[in-house]
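Written below as structure tokens is the structure these notes are about.
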Amino acid sequence: MADIINNGNHAALWSGRFKEGPDAAAVAFETSIHVDERMAFDDIKGSIAHAKMLAHQKIISQDEANKIVEGLESIEKDLISGKLAIDYSAEDIHSFIEATLTDRVGEAGKKVHTGRSRNDQIALDERLYLERAISELVSELKHLISVLVKIAEEHTDHIMPGFTHMQHAQPVTLAHHLCAWAWNLTRDCSRLEDALKRTLVSPIGSGALAGSGLPLDREYEASLLGFDSVTQNSLDSVSDRDYCIEFTSCFSILQMHLSRFCEEIVLWSTSEFNFISLSEKWSTGSSIMPQKKNPDFAELIRGRTGKVYGDLIALLTMMKGLPFSYDRDMQEDKQSLFEAYDTVLSCTKIFTYMIESAKWNLDVMEASCKEGFLNATDVADYLVCKGMPFRTAHGVSASCVRLAIEKKCHLEDLSLDEFKSASELFESDIYEFIEPKKCVNARKTIGGPAKEKVLEQIKALKDFVLR
Ligand code: ARG
């Protein structure tokens, strides 16, 4: 494309002190533009606010500020349209935008960095980027919660075995299980939104480390950027990467949740379980075994979890020995933060597609509730209702289980005489009491699997998504 403007090689912002230019290999090693280019629009937004504040404080003229703002807006427009290409020979996105601005507006461009350092600039750019990025992630998570709730609403009557230690434990419903997943995601949303509150505080005006002798108005600049407050210590402002670490730990917890859901999907799609059939669109085959339909997407989500944890450890380790204030080590923060973010965002989207297109094998789940004495606790609860102490009732129910194992039958197949041989308190209503659907609907404690309680959860989850 002939009309793409490439800005060619600009000298580094700091080149004035040096007689010799840096070695090409040195430049290649230290530049970060391939990573930080994704903050181009955040950098422009920050510089527009900075120019306006400089004019407001009469540090530059209104005319100069107007030129800077127009120049920055034209850069943004041309980056969006593709008319302006990023110059990857620039050291970082700040250098590229400042140099392009000066090319476009001349001397006024050289004033944009007045009273500012890349140290406070990068801290601002990252916070502005996170504001956008976290809002996108939270809305994807809320969409996933709605998808889970929609499936749950259709299955409040469909029972499935609940497990502990991967052994049949007590019956629940598919709706109850899917709501359990959804609650995990509500905590992820809250954690992200909470971390955002600490992040949306403006560091700009902290300079390289010691603020500025020029009469900058930090609060005015922050208000132009939509921040309610400014950071309170200039050294802290340029040394702090807590927000990168905090978000990457939120991402790690979120990815751990997705990984657990995926583990269940992998298990449930085996022929042994067969609780779920993934759609063909979200499955893959084998190059040798013609019959295969594999849950690769669930496995890849589970598999990418280690990468997100790795990013968190990289950030914690990168920061642990750094003296205050800025050290170049900190440039490495973006790679970890962005990789973790990209991973959780794409995994959330893919998980949503996979789950909304899956088919639930309800008859298999219901049949599976027959096995494993899921109603043994209810046999004990029956006796408790008749006044027997729970510990004694537990023993009586266990003896019924032993008898059923010997007879190779279910608890409900024992005759009333056999029940009575374990305890005289059993009457013929025991059969209705331990019917799996009855057992589920008897569990009306808050948060329990009874249909009326699950409907309350569904309502609360819907309210969460809308709030
Ligand atoms: N690219 C740098 C980073 O991401 C920007 C700050 C550079 N500051 C400096 N003093 N070299 O951390």
Side-chain angles (χ1 to χ4, degrees), residues 35 38 126-127 129-149 151 166 177-199 241-269 276 278 282-284 294-319 332-358 461 464-465:
V35 177
R38 76 162 72 184
E126 289 182 327
R127 289 168 194 248
Y129 167 77
L130 282 165
E131 183 176 25
R132 301 191 280 127
I134 297 306
S135 127
E136 184 179 352
L137 178 59
V138 168
S139 81
E140 285 299 334
L141 285 172
K142 288 191 171 169
H143 175 58
L144 172 53
I145 295 171
S146 323
V147 166
L148 291 172
V149 165
I151 306 171
M166 273 311 290
H177 200 107
L178 294 176
C179 286
W181 287 0
W183 285 111
N184 282 253
L185 301 171
T186 65
R187 293 190 295 278
D188 291 314
C189 290
S190 310
R191 253 188 294 278
L192 291 166
E193 285 170 343
D194 186 61
L196 205 52
K197 285 185 215 148
R198 278 178 293 286
T199 304
R241 290 295 181 271
D242 286 4
Y243 49 88
C244 295
I245 296 172
E246 236 184 302
F247 280 115
T248 308
S249 41
C250 297
F251 300 157
S252 298
I253 298 173
L254 161 58
Q255 187 70 25
M256 175 271 288
H257 290 153
L258 295 175
S259 184
R260 292 183 73 181
F261 309 163
C262 286
E263 168 67 13
E264 298 202 308
I265 287 173
V266 171
L267 273 173
W268 291 351
S269 56
I276 193 173
L278 295 176
W282 292 101
S283 304
T284 54
N294 293 328
D296 288 31
F297 295 91
E299 292 172 314
L300 285 166
I301 294 172
R302 193 178 58 186
R304 286 181 193 171
T305 307
K307 241 178 23 172
V308 179
Y309 294 178
D311 291 323
L312 175 60
I313 296 299
L315 283 165
L316 287 165
T317 312
M318 186 262 286
M319 290 303 290
E332 302 299 294
D333 62 352
K334 286 166 282 300
Q335 218 145 8
S336 304
L337 176 71
F338 295 165
E339 178 182 79
Y341 175 76
D342 292 347
T343 307
V344 292
L345 183 68
S346 65
C347 289
T348 302
K349 288 181 183 173
I350 297 300
F351 184 83
T352 308
Y353 297 136
M354 185 173 67
I355 205 74
E356 73 185 339
S357 59
L461 287 165
F464 179 88
V465 169

(request) Please tell me if the side chains of Leu337 and Asp311 come closer than 4.5 Å, counting only heavy atoms from C-beta onward. (result) no

(request) Please test Asp333 against Glu126 for side-chain contact (heavy atoms from CB on, under 4.5 Å), starting from the C-alpha separation and ending with a verdict. (result) CA-CA 10 Å; Asp333 62 352; Glu126 289 182 327; 2.6 Å; yes

(message) Side chains of Asp188 and Phe251, heavy atoms from C-beta outward: is any pair under 4.5 Å?
(response) no

(message) Would you compute the distance between atom CG of Leu300 and atom OG1 of Thr305 and round it to the nearest 0.5 angstrom?
(response) 10.5 Å

(message) As an exercise, state the distance from NZ of Lys307 to CG of Asp342, rounded to the nearest 0.5 Å.
(response) 8.5 Å

(message) Between Ile265 and Phe297, is there a side-chain heavy-atom distance shorter than 4.5 Å?
(response) no

(message) Once rounded to the nearest 0.5 Å, what's the spacing between atom CG of Leu148 and atom CG of Leu178?
(response) 6.0 Å

(message) So Arg241 and Leu315, do their side chains get closer than 4.5 Å, heavy atoms only?
(response) no

(message) If you define the side chain from C-beta out and look only at heavy atoms, does anything of Pro295 sit under 4.5 Å from Met354?
(response) no

(request) For residues Leu312 and Leu316, determine if any side-chain heavy atom of one lies less than 4.5 Å from a side-chain heavy atom of the other. (result) yes

(request) Find the distance between CD1 (Ile151) and OG (Ser146) and round it off to the nearest 0.5 Å. (result) 11.0 Å

(request) Go through the structure and list residues passing ring pair (Phe, Tyr, Trp, His ring centres under 6.0 Å) with Tyr309, not counting sequence neighbours. (result) none

(request) Would you please name every residue forming a ring pair (Phe, Tyr, Trp, His ring centres under 6.0 Å) with Tyr243, sequence neighbours left out? (result) none

(request) Using the test salt bridge (Lys or Arg N to Asp or Glu O under 4.0 Å), find all partners of Glu356 that sit at least two apart in sequence or belong to another chain. (result) none

(message) Between Ile134 and Thr199, does the side-chain contact (heavy atoms from CB on, under 4.5 Å) criterion hold? Intermediate values first, please.
(response) CA-CA 11 Å; Ile134 297 306; Thr199 304; over 6 Å; no

(message) Going by the rule salt bridge (Lys or Arg N to Asp or Glu O under 4.0 Å), which residues pair with Arg198 if we only count those two or more places apart in sequence or in a different chain?
(response) Asp194, Glu246

(request) Mind checking salt bridge (Lys or Arg N to Asp or Glu O under 4.0 Å) for Lys349 and listing every partner two or more places apart, or none if nothing turns up? (result) Glu136

(message) Check this for me: Gln335, atom CD, are more than 12 non-hydrogen atoms of other residues, nucleotides or ligands nearer than 6.0 Å?
(response) no

(request) Please test Thr348 against Leu254 for side-chain contact (heavy atoms from CB on, under 4.5 Å), starting from the C-alpha separation and ending with a verdict. (result) CA-CA 9 Å; Thr348 302; Leu254 161 58; 4.2 Å; yes

(request) State, yes or no, whether a side-chain contact exists between Cys189 and Ile145 at a heavy-atom distance under 4.5 Å. (result) yes

(request) Decide side-chain contact (heavy atoms from CB on, under 4.5 Å) for Leu130 and Arg127; before the verdict, give the C-alpha distance in whole Å, the side-chain angles of both, and the deciding distance to 0.1 Å. (result) CA-CA 5 Å; Leu130 282 165; Arg127 289 168 194 248; 5.7 Å; no

(request) Classify the ring geometry between His257 and Phe261 as parallel (under 30°), tilted (30 to 60°) or perpendicular (over 60°). (result) parallel

(message) Measuring from atom CG of Asn184 to atom CG of Leu141, what distance do you get when rounded to the nearest 0.5 angstrom?
(response) 11.5 Å

(message) Measuring only between side-chain heavy atoms, which start at C-beta, is Thr186 closer than 4.5 Å to Val465?
(response) no

(message) List the residues meeting ring pair (Phe, Tyr, Trp, His ring centres under 6.0 Å) with Phe464, not counting sequence neighbours, and say none if there are none.
(response) none

(message) Taking Gln255's backbone N and O only, do any of them form a donor-acceptor pair with Ser259's side chain (distance below 3.5 Å, no angle check)?
(response) no

(request) Can you see which heavy atom on Ala358 is nearest to which on Leu278, and at what distance? (result) CB-CD2, 4.1 Å

(request) State the CD1-CG distance between Ile355 and Leu258, to the nearest 0.5 angstrom. (result) 11.0 Å

(request) Hey, can you tell me if Tyr129 and Tyr341 have their rings parallel, tilted or perpendicular (30° and 60° cut-offs)? (result) perpendicular

(message) Can you tell me which residue among Ser336, Ser252, Ser249 is in a side chain to side chain contact (heavy atoms under 4.5 Å, CB included) with Val308?
(response) Ser252

